[in-house]
Amino acid sequence: MKVAALAGGTGSAKLLRGLSRLDIDLSVVANVGDNVWMYGAYVCPDIDVTCYTLSGIADSSRGWGIDGDTFAALGMFARAGLETWFRLGDRDLSVCMARTEMMRRGSTLTEATEKVRRGLGVRSPVLPASDQELETRVDTPMGDLHLQEFWVRERGLPRVTAVRYKGARSARPTARVREAILEAERVVLCPANPVTSIGPMLAVPGLRRLLADSDARVVALSPMSGRRPISGPAGKFMKALGREADSVGVAGLYSSFLDAIIVSREDEGMRRKIQALGVECEASDTLMRGPDDELRLAKELLRL
Ligand code: FO1
């Protein structure tokens, strides 16, 4: 079965680990809205957490970076006068520098990512949603912040008044993303922040259309449980967009192309409201505590 999975950060990576253990032809479409220029390198957190997780080198307790990484470069950046609130490890920095160098020599982000994922021994293609730069910007009372400034430097504390996807209007889905979605028999939306992980991909003109036009059944695993996200700041962002911060709100954001969603057992009572949006709904244990849950949920999504 050909499967295309739309993925953001840590929660997505866990589900991808489950999907990668199945006998399927998996392509990952990764969010690029979190990408940031840092210490002279182009850092792509969602592409990297996907590659590190699927190659077995991710630091899964932290949720980003490489297991056992050191931070010598960061210490020297600080001594040389840079702000070092973004804790990029040495090995992680090497990957980001390799990508930057390939791009400086003319590679697209897609081509650079293809080299990196092969080098790390990742079997599935990891496809940036777009090759054009696209930044998730967060409007707050302290001004307009890059998502990483909001989330890492300011610890996600400022009030969010709006979210914008800078550059989205002139971005387009890559040829490989078009092919992966149009040829898929199933598209899986990973349990990612609907506003800052899936939202930037949906903001790329033409991408929503591809999902609606694809013959694939489009299914999602909700990142919410009750009125809270399983992890991260999704609730805060959804409220800023005037959406309910729950699985009904998630289904509402995706309803123009979504066929079915798995929600937490706690949210079984939301089934009617979700079905009224034209989306089928199943309840399950949606917490991924380890490899067994990851595999179980991957199978449930492909059976849905
Ligand atoms: N998240 C943090 O909370 N603190 C960090 O210092 C940090 C560094 C970092 C370095 C590389 C990388 O790829 C990701 C990193 N993250 C860090 C995670 C990242 O900020 C977000 O969690 C993702 O962008 C959301 O998907």
Side-chain angles (χ1 to χ4, degrees), residues 5-17 28-55 57-75 77-78 82-100 109 112-113 116-117 120 122 126 128-129 133-138 145-158 160 163 165-166 189-201 223 229-238 288:
L6 269 59
T10 318
S12 301
K14 292 183 184 178
L15 181 66
L16 291 173
R17 193 157 46 195
V28 181
V29 178
N31 173 41
V32 294
D34 294 21
N35 295 2
V36 64
W37 283 95
M38 198 57 81
Y39 316 123
Y42 194 47
V43 185
C44 302
D46 290 352
I47 291 174
D48 292 343
V49 77
T50 300
C51 291
Y52 299 158
T53 302
L54 295 184
S55 70
I57 61 168
D59 183 324
S60 42
S61 58
R62 218 172 31 202
W64 45 271
I66 296 175
D67 191 30
D69 212 348
T70 50
F71 291 86
L74 205 72
F77 290 147
L82 289 182
E83 282 185 39
T84 51
W85 50 265
F86 193 72
R87 297 190 52 76
L88 189 62
D90 296 328
R91 292 178 210 175
D92 201 355
L93 173 65
S94 313
V95 171
C96 298
M97 284 177 66
R99 164 193 303 126
T100 308
L109 179 58
T113 305
V116 169
R117 74 97 179 163
L120 294 178
V122 174
V126 178
E133 267 189 50
L134 186 172
E135 262 181 37
T136 302
R137 310 283 315 183
V138 186
L145 305 177
H146 186 288
L147 178 73
Q148 302 298 347
E149 291 171 327
F150 168 79
W151 179 238
V152 180
R153 194 187 67 199
E154 303 302 328
R155 298 168 197 273
L157 292 174
V160 177
V163 176
Y165 308 114
K166 189 177 160 197
L189 275 84
C190 291
N193 187 319
V195 182
T196 60
S197 294
I198 305 292
M201 294 194 263
I230 290 174
S231 67
K236 196 166 187 173
F237 285 116
M238 289 183 71
M288 288 182 277

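Just so it is clear, the values below take in all heavy atoms, side chains as well, and ignore hydrogens, waters and symmetry mates. Since the model is a prediction, treat every value here as computed from it, not as a measurement. In what follows, residues are counted from 1 in the order of the sequence shown. Order of listing sets the numbers, starting from 1, for every ligand and every atom in it.
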## Note on the structure
Closest to atom 14 (C) of ligand 1 (heavy atoms only, candidates Phe150, Phe71, Trp64) is Trp64

### Query
Hey, mind stepping through Asp46 and Ser197 against side chain to side chain contact (heavy atoms under 4.5 Å, CB included) and telling me if it holds?
CA-CA 8 Å; Asp46 290 352; Ser197 294; 4.1 Å; yes

### Task
Kindly determine whether Val138 and Glu149 satisfy side chain to side chain contact (heavy atoms under 4.5 Å, CB included), including the steps that lead there.
CA-CA 9 Å; Val138 186; Glu149 291 171 327; over 6 Å; no

### Leu147 and ligand 1 - part of the residue with a heavy-atom distance under 4.0 Å
neither

### Message
Do Cys190 and Leu6 have side chains that approach each other closer than 4.5 Å (heavy atoms only, starting at C-beta)?
### Response
no

### Query
Quick one: which of Arg62, Arg155, Arg87, Met38 has a heavy atom closest to atom 6 (O) of ligand 1?
Arg87

### Summary
In short, Val49 meets Gly63 closest at the heavy-atom pair CG2-O, 3.6 Å

### Query
What atoms of ligand 1 come closer than 4.0 angstrom to any heavy atom of Asp92?
11 (C)

#### Entry: Nearest neighbour in protein (non-hydrogen) for atom 20 (O) of ligand 1
Gln148 OE1, 2.6 Å

### Under 3.5 Å: donor-acceptor pair, side chain of Arg117, backbone of Val122
yes

### Query
Sub-3.5 Å donor-acceptor pair from the side chain of Asp59 to the main-chain atoms of Gly65, do we have one?
no

### Query
To the nearest 0.1 Å, how far is atom 4 (N) of ligand 1 from its closest protein heavy atom, and which atom is that?
Val152 CG1, 3.3 Å

### Identity of the nearest option to atom 24 (O) of ligand 1, non-hydrogen atoms only, from Asp69, Asp34, Val95
Asp34

### Query
Just which atoms of ligand 1 are under 4.0 Å from any heavy atom in Leu88?
10 (C), 11 (C)

### Residue, atom name and distance, where the atom is the protein heavy atom closest to atom 22 (O) of ligand 1
Trp151 NE1, 3.6 Å

### Message
Give me the residue, atom name and distance of the protein heavy atom closest to atom 13 (O) of ligand 1.
### Response
Pro45 CA, 3.3 Å

### Note, Val95 side chain near Tyr52 side chain (heavy atom, < 4.5 Å)
yes

### Task
Could you tell me how the ring of Tyr39 sits relative to the ring of Phe86: parallel (under 30°), tilted (30 to 60°) or perpendicular (over 60°)?
tilted

### Query
atom 12 (C) of ligand 1: which of Trp85, Tyr52, Phe86 has the nearest heavy atom?
Phe86

### Message
Is there a polar contact, in the sense of an N or O pair closer than 3.5 Å, between Asp46 and ligand 1?
### Response
yes

